Structure formats: structure tokens, C-alpha cells
Amino acid sequence: MHNDIHTKLPLYTGDTGYQARPRLSRGLRIVLASALSLAAFQYLRLHSDLLSAPESVQVPLRAPEWLDKCHLLNAKPGPPPDFKTRTQSDRFAPGTKPTLITNATIWTGGVNGLEVLHGDILLDGGIIKRVGVIESDVLEHYSHLTRIDAKGKWASPGIVDLHSHLGVDSVPELQGGDDTNSLKGPVLPWLRALDALNTRDDAYKLSISGGVTTAVVLPGSANAIGGQAIVIKLRPTVDRAPTGMLLESPYERNGSVYDPRAFFRYRQMKHACGENPDGVYSMTRMDTAWSFRQAYEHARKIKEAQDDFCAKVTRGDWGGLGDYPEDLQWEALVDVLRGRVKVHTHCYETVDIDDLVRITNEFKFSIAAFHHAHETYLVPETLKSAYGHPPAVALFATQARYKREAFRGSEFAPRILAENDLQVVMKSDHPVLNSRYLVYEAQQAHYYGLPHNLALASVTSTPAKVMGMDHRIGYVKEGYDADLVLWDSHPLALGATPQQIWIDGIPQIDTPHLLSKPAAFQRRPHTPNFDKEKEETLKYDGLPPLEPKPSHSRTVVFTNVKSVYLRDEQSIREAFAAESDDALGAGVVVALDGRLQCVGSASSACASSVRGSDDVEYIDLQGGSIAPGLISAGSSLGLSEIDQEPSTQDGYVADALSESVPSLAGGSGALIRAADGLIFGTRDALLAYHSGVTAGIVAPQTGGFLAGLNSAFSTGARHKLEDGAIVQEAGAVHVAVHPVGSPSVSTQIAALRQLLLGKTAGDVKVWFERVKAGEVPLVIAAASADIIATLITLKAEAEAKLKTSLKFTIIGGAEAHILAKELGDANIGVILSPARPFPNSWEERRILPGPPLTEKSAVSTLLDHNVTVGLGIASEGWDARNARFVVAWAALDANGEISKADALALASVNLEKLLGIKTDSVQGDLVATSGGDLLEFSSKVVGVISPRRGVVDIM
Ligand SMILES: *[C@@H]1O[C@H](CO)[C@@H](O)[C@H](O)[C@H]1NC(C)=O
Ligand SMILES: *[C@@H]1O[C@H](CO)[C@@H](O)[C@H](O)[C@H]1NC(C)=O
Ligand SMILES: *[C@@H]1O[C@H](CO)[C@@H](O)[C@H](O)[C@H]1NC(C)=O
């Protein structure tokens with residue numbers, strides 16, 4: 001056919017006398033040479049008058065190719081016009097059975113109002129064929145239909161992650177698979193994430209089990225322009241090869257064959273500004289801004305040269321044309337200027353956002369989304385002044401403050417942006433957050449005030465639109481890809497877990513393990529009112545005052561209390577449960593000088609005890625609850641304010657095993673005390689306090705073996721000398737055993753054996769004597785089952801020699817479930833940290849993921865073997881505030897095996913026990929929540945009864 005065109009056109013028969021200098025790569029020339037298109041043919045026919053005149057000018061041999069390019073120069077991306085009427089997906093897997101899901105509550109997608117249908121969904125050919133009431137004559141066509149009874153449960157579009165590094169920042173993390181960032185220079189628009197995609201990453205299966213079906217996989221943020229991103233589905237087509245995972249190929253059709261007849265599809269590109277490129281290339285913000293301008297100026301010149309060239313070609317002005325101006329390294333950035341690329345810009349601070357917005361106006365391109373974008377909610381008008389259209393904003397729900405540019409991050413940002421008519425996307429930045437729980441980000445955004453339809457859209461329809469793929473994903477509508485999730489509850493209810501996930505009409509879990517949820521979880525959670533907090537956040541530029549405000553009255557009475565949970569030695573019990581939902585059945589809790597006085601019904605002696613007193617503050621909890629304050633453990637909370645700023649934290653201890661500890665500090669006998677480095681009043685600590693986490697237990701930070709002594713502190717205190725600021729000076733000795741190369745794991749175990757059975761000196765000796773007497777727990781950070789098994793045998797060995805029983809606690813514990821029985825038998829407790837497992841490193845790869853992938857979770861497996869379990873935070877303090885939701889989720893995942901009281905214990909009394917902190921039942925803080933208990937999305941923390949501090953704080 002190509003030859004046909006050549007011979008039909010007389011202008012090709014003669015000698016053109018015009019030789020284009022071959023500047024393109026050989027590969028590309030071959031591709032281009034074989035690609036004379038129908039479009040060009042038609043163009044040539046229509047414009048043959050131009051081609052044949054003026055007679056004196058010879059038409060170059062490559063004219064058709066150029067005409068082809070020029071014709072498409074300003075073509076806009078989009079699906080082919082017949083896309084809507086397709087009967088089969090291009091990703092259809094032959095043999096996929098048609099499926100009918102009946103009796104579902106369907107959230108169809110979209111951002112306008114409540115788009116919910118009750119009915120059926122028919123999947124066939126990899127697409128959604130029908131939604132709602134499906135006529136029987138439609139179904140008659142199908143002889144083999146897989147039927148799924150949804151039993152009224154919620155179905156939503158598959159979850160869409162606008163910001164992921166799935167497959168390029170691979171898990172488990174290995175040196176051989178670190179393909180996130182090229183460090184070859186700040187401007188690399190020619191790199192392609194597709195060229196690095198690992199399709200064997202352990203995370204695909206996990207992310208799918210959380211409902212994720214599509215992700216934009218981006219290069220990292222080390223560079224101002226990090227390269228081209230790709231949109232993948234988490235299920236490959238034919239081969240498990242990177243190309244087969246592409247949702248749509250933006251620039252190559254049918255394998256690697258360039259086909260200009262194909263419609264352009266949007267490309268995706270990563271940009272980053274601020275601290276990351278600045279840090280990697282020793283630049284300032286000024287340098288990074290210049291990198292952008294220099295790059296865009298270069299691309300602009302190429303674009304203009306192309307425009308000029310094509311203006312001449314279109315006129316038939318063939319004289320002295322030269323070669324078509326293009327450069328493979330810059331073609332993607334030229335495409336940005338042609339509006340064919342969705343630009344994803346990692347950008348946090350106002351100055352960076354403003355810089356990028358100015359650059360968009362200088363070079364006339366638009367940004368699809370600002371990502372992370374922690375200060376966007378403070379500058380909505382700046383966003384609106386960006387070239388073309390306001391960028392969407394892709395956010396974390398509560399992850400913030402880990403570096404300066406994230407310091408003003410706010411949980412109210414999604415709501416504030418939405419109120420400013422800006423598009424809100426919640427994203428994972430996987431593996432920064434495990435994208436399995438992306439829907440949890442939407443749930444939290446909803447909790448803090450993002451309307452429910454926008455919250456659901458923020459992980460489905462909105463990201464689909466922002467990436468230019470909303471013609472096929474992000475909706476449950478006829479003709480859309482058959483990507484959907486059937487949930488066990490309302491998707492915005494805490495702990496929502498998929499019962500099944502379909503990608504291209506194919507169910508993704510062979511035998512899903514289902515959870516039974518309370519009926520109330522089928523309804524959208526009723527969330528608290530945070531108007532005041534939102535206004536304060538804006539008023540104070542993102543840093544509203546958070547210091548606790550003690551009640552002015554000595555007596556505080558909480559009324560309309562539905563439940564009360566109290567400490568009982570080392571457990572938590574439900575001390576009061578309302579007899580009915582009305583105010584009459586509700587309870588009253590009286591506190592005097594920060595101490596619980598009594599609990600009773602509205603008609604009890606407790607209630608009447610305060611009648612007549614005038615120095616009383618009454619707080620109506622509206623069906624709320626009183627429960628023990630939770631504790632943060634496992635993170636640097638208490639020793640660090642901004643994790644990436646050494647000047648804001650205690651820092652890292654010298655590691656006695658691999659370097660010499662200065663003799664001035666005690667040499668190898670030194671045991672560093674966290675209490676000496678405590679930092680009070682950090683924003684993470686205060687936010688935790690406002691969320692019912694009233695204490696933290698923190699060990700000295702180490703990248704090595706011997707950490708030191710932990711300390712327990714109040715998250716609400718202003719400084720160490722305040723009453724109750726130190727809960728306990730020291731409770732346990734912390735060490736860590738990890739495979740780090742050198743010193744070997746076996747050397748670290750030898751050191752531990754030496755500490756337990758050999759000679760020691762100084763504070764190390766003092767404290768290890770107490771460990772050896774079984775008075776003080778030895779807390780060992782460990783993840784792998786092999787190391788944990790060795791620790792179990794070491795404990796037995798030491799106990800046999802010392803003739804005592806030791807207290808060992810494992811913190812981390814990703815693979816602890818494998819040894820649940822042995823740990824139970826050895827009486828070793830486990831703090832799972834992170835609380836929800838993720839195979840981040842090789843030593844953590846054998847996780848027990850829990851429902852829907854496995855029946856049991858790690859928590860329930862350990863509890864089944866009588867292991868004392870605590871739940872911790874993996875690393876950064878921002879997550880401390882979420883302890884209440886993390887324990888609630890663990891209880892839901894255990895399918896009714898864990899009561900609310902036991903769930904509260906996972907992040908309170910159990911942690912104290914495992915970390916050597918002794919709080920008697922009178923001293924512990926109590927937290928008052930309104931509208932529900934601490935474990936519910938309906939509630940909000942409104943007060944803290946603090947016997948330690950002798951006050952009742954009112955939020
Ligand atoms: C749909 O499921 C709900 C919940 O199981 C049930 O009450 C209802 O009767 C079902 N409706 C139909 C049409 O089957
Ligand atoms: C891809 O190209 C091959 C060879 O040119 C052709 O046989 C096949 O039909 C094409 N497939 C599609 C989906 O266009
Ligand atoms: C756990 O403890 C309970 C109560 O003490 C006991 O009945 C049960 O057998 C124990 N389970 C295991 C696996 O040891």
C-alpha cells in the first residue's frame with residue numbers, strides 16, 4: 001500500500017534533487033519511512049494544487065512524511081470517534097467469561113451529586129455492557145453467564161491512583177531494582193518509566209486487593225523534569241511484560257509500530273520542584289526554576305521551528321526547507337507545548353507553586369496536577385491563574401510535616417480546595433503510602449470535610465479525568481472498561497475492604513476471604529463538624545495554635561455519654577454502656593481536677609453529685625464516649641519535629657557496634673536515654689493529642705544496633721518540666737537486628753548474646769542487669785522470621801544460663817506471624833510496626849496480608865496464639881494521630897474476634913506492657929469523644945481528662 005501511494009503520485013517519480021540530511025536515529029527513520037499514512041494521502045489529494053506548483057521548485061523525496069507530520073502537528077489527543085460504540089476492549093482477554101453482578105448498590109462515578117443506582121452490572125468483552133435494570137432479552141444472548149449476587153453491597157469504579165511508583169520503586173526493595181530516579185541531570189524529559197517497569201513487583205497483588213485497578217506510574221522527584229510517566233492497569237494483557245500493562249499506548253500503536261492514523265492519546269510527564277531536585281543537585285529554588293525555563297525555551301524553539309517549517313510545507317513552499325526540525329530528546333517536551341501531555345508536578349510550597357504557575361504562563365502549557373502540593377489550599381487564586389486551566393491537586397490525607405515544604409500540610413486541604421472549585425485527587429505516592437489503602441486516604445479526606453461524592457471521585461473519576469482517560473475508566477457506566485470493586489461496606493466507611501475486584505472483566509482474587517461488617521457500615525459515615533478548625537487553619541496560614549486549653553472549671557461533667565472504657569490493670573474493659581440511644585439511657589461522667597470521679601446513668605448518684613455546684617463545665621458528648629488515651633510507639637515522635645531537618649530533632653545515636661562511642665559520652669558502656677533528647681510541643685505530637693493519642697513512647701533513633709533507653713512522654717505537654725510531661729523516664733532497652741551487610745546479622749546476635757551473658761560496663765551493665773533479672777523488657781527491632789527465630793532460641797539459651805525468665809518484645813515483626821505459636825510459647829510480645837504489613841524490604845516480604853487475600857491477619861494470628869500484640873507506627877510522627885483508625889481497622893480485619901476494648905488495648909495498655917511503661921489505672925489519661933467512640937469516623941475528640949497533668953483539656 002505504501003508503494004501504491006508512491007507510484008500514484010507523480011511527484012515521486014522524478015529525481016527530486018533534494019537530499020535531506022539524515023539526522024534522525026536509524027530506528028526512527030525506519031519507523032517513519034514505513035508510516036506514510038492515510039491522513040497524509042488524503043491531505044496530498046486535497047492539496048495537490050499546492051504540491052504541483054510552483055513548477056520551478058522540485059518537491060523533496062520526503063515530502064509525504066513531512067506532510068504527514070505537519071498535518072498532525074496540532075492534533076489534539078483523545079479517543080477515536082467510534083470509541084464509545086466499541087463492543088470489546090482492546091485489553092480484552094479471550095476466554096474471559098461474561099459476568100452479571102446482581103443487586104448491587106452502584107456508585108457510578110462523577111463529581112456531581114449522588115450518582116447511585118440499585119441494580120445489576122453486566123460485564124462482557126472487557127467492558128461494562130449494561131448497568132441498572134437489565135432487560136431479560138439482553139441476558140438471553142448469554143448461555144454461560146457467571147452470576148454474582150452482590151446482596152445489596154456497594155460497587156464502585158476501580159480505584160485509580162494518580163501518583164504511584166509501582167513497579168519502578170519496586171518492593172521488596174533491592175539494589176537491583178531501584179529504577180525510580182535517574183541522577184543524570186535535573187532535566188530528563190526523554191526518560192520513560194515504561195523502560196523500567198518491573199512487572200514482578202510484590203505490590204501489584206496487594207494494591208489490587210485494596211481495589212486499585214489503574215495507576216499513573218511516575219519517575220521519582222529527584223529531577224526538575226524526571227521523565228515520562230505511564231498509565232498502567234494492574235493486570236497485564238497477554239504476557240506479563242511492561243507493554244502489556246499499558247492502559248493505552250500514547251505514542252506507539254500495536255507494539256512498537258508508529259501509526260499516525262492512530263489517534264493521539266495523552267502522554268504523562270513528571271516534573272518536580274522544591275527540596276528534592278534542589279537537594280539532589282545542590283541547587284537553590286532559583287536554579288531549579290531556571291532548569292525549567294531553559295528546558296522549555298529549548299523546546300519552544302524546536303516547536304516554533306516546526307511550526308515555521310510546516311507553514312511552508314503546507315503552502316507548498318519547498319525551497320530551502322532543510323530537514324524537519326526535531327530532536328528525540330526533546331520531542332516529549334515539545335509535545336507538552338502542543339498540549340498533548342498531562343504534566344504532573346511534584347510541588348509543595350507557595351513559592352514553588354507560584355514559580356511553576358509563572359512558567360506555565362511564560363511558555364504556554366498547562367499543568368494537569370500539582371502533587372503533594374501541601375500549600376495549594378493556601379493559594380487557590382494562584383492555581384487558578386495557571387495557563388490554560390487550574391491544575392488539579394493530588395494530596396495525601398494526613399501525611400505531612402516530614403520536611404519543611406510539607407510543614408503546613410493540612411487535613412482540611414481537600415475540603416478547602418474543593419470549596420474553591422479546584423479538583424481534588426487523593427493519591428498514594430506508592431510505596432510512600434501503600435496504595436492498597438488508597439481508599440483510606442479518601443475516607444480520611446471525607447472525615448475531615450470533603451463531600452462524599454468528591455471523596456469517592458477523588459480516587460476514581462477525578463484522577464481518570466486528570467490523566468485524560470475518563471473516556472474509559474473511573475466510572476461504572478455502559479461502554480467503560482470493566483474495572484470495578486465490590487465492597488464489603490460503604491467505600492467511605494472505615495476499613496472498607498473489597499470482596500472482589502474486576503479488571504477488564506476478570507475477577508482478580510480466586511477465593512476472596514470476606515468480612516462481615518455491621519449493618520451501619522453499609523451507610524456513608526456521618527462525619528463531625530470541623531468548620532472551626534478549618535477556619536483557624538486558614539487564618540493562621542496552615543499553623544493554627546494547637547496547645548491544649550484546660551477547662552476553667554475544676555469540675556467537668558460529660559453528659560449524653562454512650563460508652564465508657566476504662567483501664568483495668570493491664571487490660572481495658574467497657575465500664576458503661578448506654579441502655580438506650582436516647583438521652584435518658586445515656587451516661588454521665590464527672591471529672592474533678594483532671595481525675596475521673598464517677599460514671600453513671602443520667603439518673604444516678606454520680607449525675608446528682610454535681611447538682612448545685614457552680615464551678616462546673618458541662619460538655620454534651622452527643623452519644624459519645626470516654627476511653628483511655630492511646631499511645632504512639634515505633635516512630636520518632638517525641639524526638640523529632642521535621643524528619644528531614646536534623647536541626648529539628650534529637651538525631652541519631654552513635655552505634656556502639658560499628659563505630660566507637662566517644663569515651664566522653666561513656667564509650668561502649670554508654671546507654672543513651674531518649675528522655676535526654678525529648679522535644680515537646682511538636683505539631684505532630686499536638687495533633688496526636690487532639691486525636692486521642694495522649695502519650696508517646698520513643699526510643700533513641702538509630703540506624704544501627706544499640707539504640708538505648710526509651711521514654712514515655714505526654715503529647716500535650718509544652719516542656720519536660722511541666723507536671724506530667726514525663727510519663728516515665730525509662731522503661732526498656734532497645735536494640736535492632738537487621739540485615740545491613742556489615743556488621744552481619746550473626747555479628748549483631750553475637751553482640752546481643754554478649755550483652756546478655758558476657759561482661760559489660762557502665763550504664764549498659766546497669767540496665768542489662770535489670771534485663772537479665774526479667775525486670776525490664778529488651779525490645780528488639782526485627783522483621784524477618786529467621787531473625788525472630790534466632791531471637792527465640794537466644795532467649796531460651798539466656799534463660800537456661802541465667803535461670804530467670806526474660807522479657808523480650810519484637811518491634812516491627814512483619815514476618816512474626818510465621819512464628820506465632822513459637823512466640824506465644826516463648827512469651828514474647830510483638831509490636832507490629834507498621835500496623836498494616838507491607839513487604840517493603842526482603843526481610844519483610846513474607847507478610848500475612850489479611851482479608852480479602854487471606855482469612856487471618858497478622859494481628860489475629862498472633863492473638864490466636866496468646867501473643868501480646870501492640871500496634872505501632874512505622875517511622876514518621878505524622879501518623880501518630882491516626883492510631884485510633886489503625887486499631888479500629890485491625891479490629892474490623894479480625895472479623896469480630898477483637899472487641900472494641902481489646903482494640904483500644906492494642907495501642908495503649910499492650911504497648912505499655914511491651915515497652916516497660918507502668919501506668920496505674922488511676923494515672924492514665926482518658927479521652928472524650930463526641931458523636932461516637934474513639935474508633936468511629938462519626939466521632940471527634942473534644943476533651944482529655946489528664947490526671948497526670950491535673951486538668952481537663954477542652955478541644
Ligand atoms: C438485595 O439485597 C438486599 C440485602 O441482602 C436484600 O434485602 C434485597 O431483598 C435484595 N434485593 C433483591 C432485588 O434481590
Ligand atoms: C498489529 O500489527 C499486525 C502486523 O502488522 C497486524 O497483523 C495486527 O492486526 C495489528 N493489530 C492491531 C490490534 O492493530
Ligand atoms: C491462650 O490462652 C487461653 C486462656 O488462657 C487458653 O485457653 C488457650 O489455650 C491459649 N491458646 C494457645 C494457642 O496457647
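All figures in this text were calculated on a predicted structure; none of them were measured in a lab.
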Exercise. With sequence neighbours excluded, tell me which residues meet side-chain hydrogen bond (donor to acceptor under 3.5 Å, both in side chains) with T559.
Key: none
Quiz prompt | Listed once per pair and sorted, the salt bridge (Lys or Arg N to Asp or Glu O under 4.0 Å) pairs that draw on residues 878-892, sequence neighbours left out | solution = E411-R881
Quiz prompt | Any donor-acceptor pair under 3.5 Å from T694 side chain to D925 backbone | solution = no
Quiz item: What residues form a ring-ring contact (aromatic ring centres under 6.0 Å, His included) with Y348, not counting sequence neighbours?
Solution: H346, H372, H374
Exercise. Could you check I501, T213, V212, I159 and say which one makes a side-chain contact (heavy atoms from CB on, under 4.5 Å) with S207?
Key: V212
Quiz item: Any luck finding a side-chain donor-acceptor pair between H163 and H371 under 3.5 Å?
Solution: yes
Exercise. For R404, check side chain to side chain contact (heavy atoms under 4.5 Å, CB included) against everything at least two apart and list the hits.
Key: E275, R285, E349, E645
Quiz prompt | Quiz item: cation-pi between R436 and F838, 6.0 Å / 45° | solution = no
Self-check item: All ring-ring contact (aromatic ring centres under 6.0 Å, His included) counterparts of F937, not counting sequence neighbours
Solution: Y447, F885
Quiz item: For Q444 and T398, does a side-chain donor sit closer than 3.5 Å to a side-chain acceptor?
Solution: yes
Quiz item: Which residues pass the side chain to side chain contact (heavy atoms under 4.5 Å, CB included) test with K342, sequence neighbours left out?
Solution: Y266, Q268, H344, A368
Self-check item: Listed partners of H490 passing ring-ring contact (aromatic ring centres under 6.0 Å, His included), at least two apart
Solution: W154
Practice problem: Output yes when D488 and K517 qualify as a salt bridge under the 4.0 Å nitrogen-oxygen rule, no when they do not. | Solution: yes
Quiz item: Parallel, tilted or perpendicular: which describes the rings of W889 and Y440, with under 30° parallel and over 60° perpendicular?
Solution: perpendicular
Practice problem: Taking atom types as modelled, find out whether D893 and S857 have a side-chain donor-acceptor pair closer than 3.5 angstrom. | Solution: no
Quiz item: NZ of K384: more than 12 outside heavy atoms within 6.0 angstrom?
Solution: yes
Practice problem: Look only at the side chain of S833 and the backbone of A835, and say whether a donor-acceptor pair between them is shorter than 3.5 Å. | Solution: no
Quiz item: Under the 6.0 Å and 45° cation-pi test, does K900 pair with Y565?
Solution: no
Quiz prompt | Residue H526 excluded, over 12 heavy atoms near NE2 under 6.0 Å | solution = no
Quiz prompt | Residues which pass side chain to side chain contact (heavy atoms under 4.5 Å, CB included) with D643, listed by chain and number, not counting sequence neighbours | solution = S636, S640, E876
Quiz item: Within the side chain of S899, is there an N or O that forms a donor-acceptor pair under 3.5 Å with the backbone of D902?
Solution: yes
Quiz item: Ignoring hydrogens and geometry, is there a side-chain-to-backbone donor-acceptor pair from T715 to G696 under 3.5 Å?
Solution: no
Self-check item: K562/D933 ion pair, N-O < 4.0 Å
Solution: no
Quiz item: Any luck finding a side-chain donor-acceptor pair between W487 and S156 under 3.5 Å?
Solution: yes
Exercise. For H271, check ring-ring contact (aromatic ring centres under 6.0 Å, His included) against everything at least two apart and list the hits.
Key: F292, Y296
Exercise. Mind jotting down which residue pairs meet the ring-ring contact (aromatic ring centres under 6.0 Å, His included) criterion with at least one end in residues 532-552? Sequence neighbours excluded, please.
Key: none
Exercise. Please list, chain by chain and in numerical order, all residues satisfying side chain to side chain contact (heavy atoms under 4.5 Å, CB included) with T214, sequence neighbours excluded.
Key: V160, V231, K233, L247, I473, D483
Quiz item: Step by step, would you call R401 with D684 a salt bridge (charged side-chain N to carboxylate O under 4.0 Å, His left out)?
Solution: CA-CA 8 Å; R401 293 171 295 285; D684 281 336; 2.6 Å; yes
Quiz item: Using a distance-only test with no angle check, is there a side-chain donor-acceptor pair under 3.5 angstrom linking H430 and D161?
Solution: no
Result block: side-chain N/O donor-acceptor pairs under 3.5 angstrom for residues 412-421, not counting sequence neighbours:
{"unit_1": "R415", "atom_1": "NE", "unit_2": "E419", "atom_2": "OE2", "d": "2.8"}
{"unit_1": "R415", "atom_1": "NH1", "unit_2": "D531", "atom_2": "OD1", "d": "3.2"}
{"unit_1": "R415", "atom_1": "NH2", "unit_2": "D531", "atom_2": "OD1", "d": "2.6"}
{"unit_1": "E419", "atom_1": "OE1", "unit_2": "K534", "atom_2": "NZ", "d": "2.8"}
{"unit_1": "N420", "atom_1": "ND2", "unit_2": "I416", "atom_2": "O", "d": "2.9"}

